[in-house]
Amino acid sequence: MTDGITRVFTWEEGARIEVRNLGGEVVIEANAAGLKTLAGHLLTLARDGTPDGAHLHLEENNGLEEGSVGLVLERCNDE
């Protein structure tokens with residue numbers, strides 16, 4: 001909940017998401033359910049009324065596959 005607004009991040013059943021850091025680039029590999037999950041998370045952060053700085057941490061064994069590097073999805077209204 002931020003500024004009195006509850007944001008719910010939902011997961012598709014069977015979602016698999018892996019994030020790898022290859023030095024100069026980051027690879028996000030996911031099955032269809034994982035891609036739908038990530039899209040939903042981004043749409044949740046994009047909703048009107050979501051404050052600047054609202055974010056979601058995804059980490060190994062907390063949404064991401066074993067061996068993944070952490071991923072933070074954050075809303076930033078600065079241009």
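Because the structure is predicted, anything quoted here is derived from the model rather than measured.
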Could I get the full list of side-chain contact (heavy atoms from CB on, under 4.5 Å) partners for Glu60, not counting sequence neighbours? Glu66

Measuring from Leu71:CG to Ile17:CD1, what's the distance to the nearest 0.5 Å? 8.5 Å

Using a 3.5 Å cut-off and no angle test, enumerate the donor-acceptor pairs between side-chain atoms of residues 21-29 and protein atoms at least two apart in sequence or in another chain.
{"unit_1": "Asn21", "atom_1": "OD1", "unit_2": "Gly23", "atom_2": "N", "d": "2.8"}
{"unit_1": "Glu29", "atom_1": "OE1", "unit_2": "Arg20", "atom_2": "NH1", "d": "3.4"}

Restricting to salt bridge (charged side-chain N to carboxylate O under 4.0 Å, His left out), what partner residues turn up for Glu65, sequence neighbours left out? none

Got a sec, which hydrophobics cluster with Leu35, joining ILVMFWY side chains under 4.5 Å apart, including via others? none

Just by modelled atom types, is the Ala54 backbone N or O under 3.5 Å from a matching donor or acceptor in the Arg75 side chain? no

Once side-chain contact (heavy atoms from CB on, under 4.5 Å) is applied, do any residues pair with Ala33, and if so which ones, sequence neighbours excluded? Glu12, Ala15, Asn31

Salt bridge (charged side-chain N to carboxylate O under 4.0 Å, His left out) contacts touching residues 35-46 (sequence neighbours left out): none

Point-to-point distance, once rounded to the nearest 0.5 Å, from CH2 of Trp11 to CG of Leu38: 7.0 Å

Could you work out the complete set of other residues in the hydrophobic cluster of Val8, with links drawn between I, L, V, M, F, W and Y side chains under 4.5 Å apart? none

Nearest 0.5 Å, what's the CG-CD distance between Asp52 and Glu74? 7.5 Å

Under the 3.5 angstrom rule, does the side chain of Arg7 hit a backbone N or O of His41 as a donor-acceptor pair? no

Which pairs pass ring pair (Phe, Tyr, Trp, His ring centres under 6.0 Å) with one or both residues in residues 51-78, sequence neighbours excluded? His55-His57

Is the shortest heavy-atom distance from the side chain of Leu58 to the side chain of Val19 under 4.5 Å? no

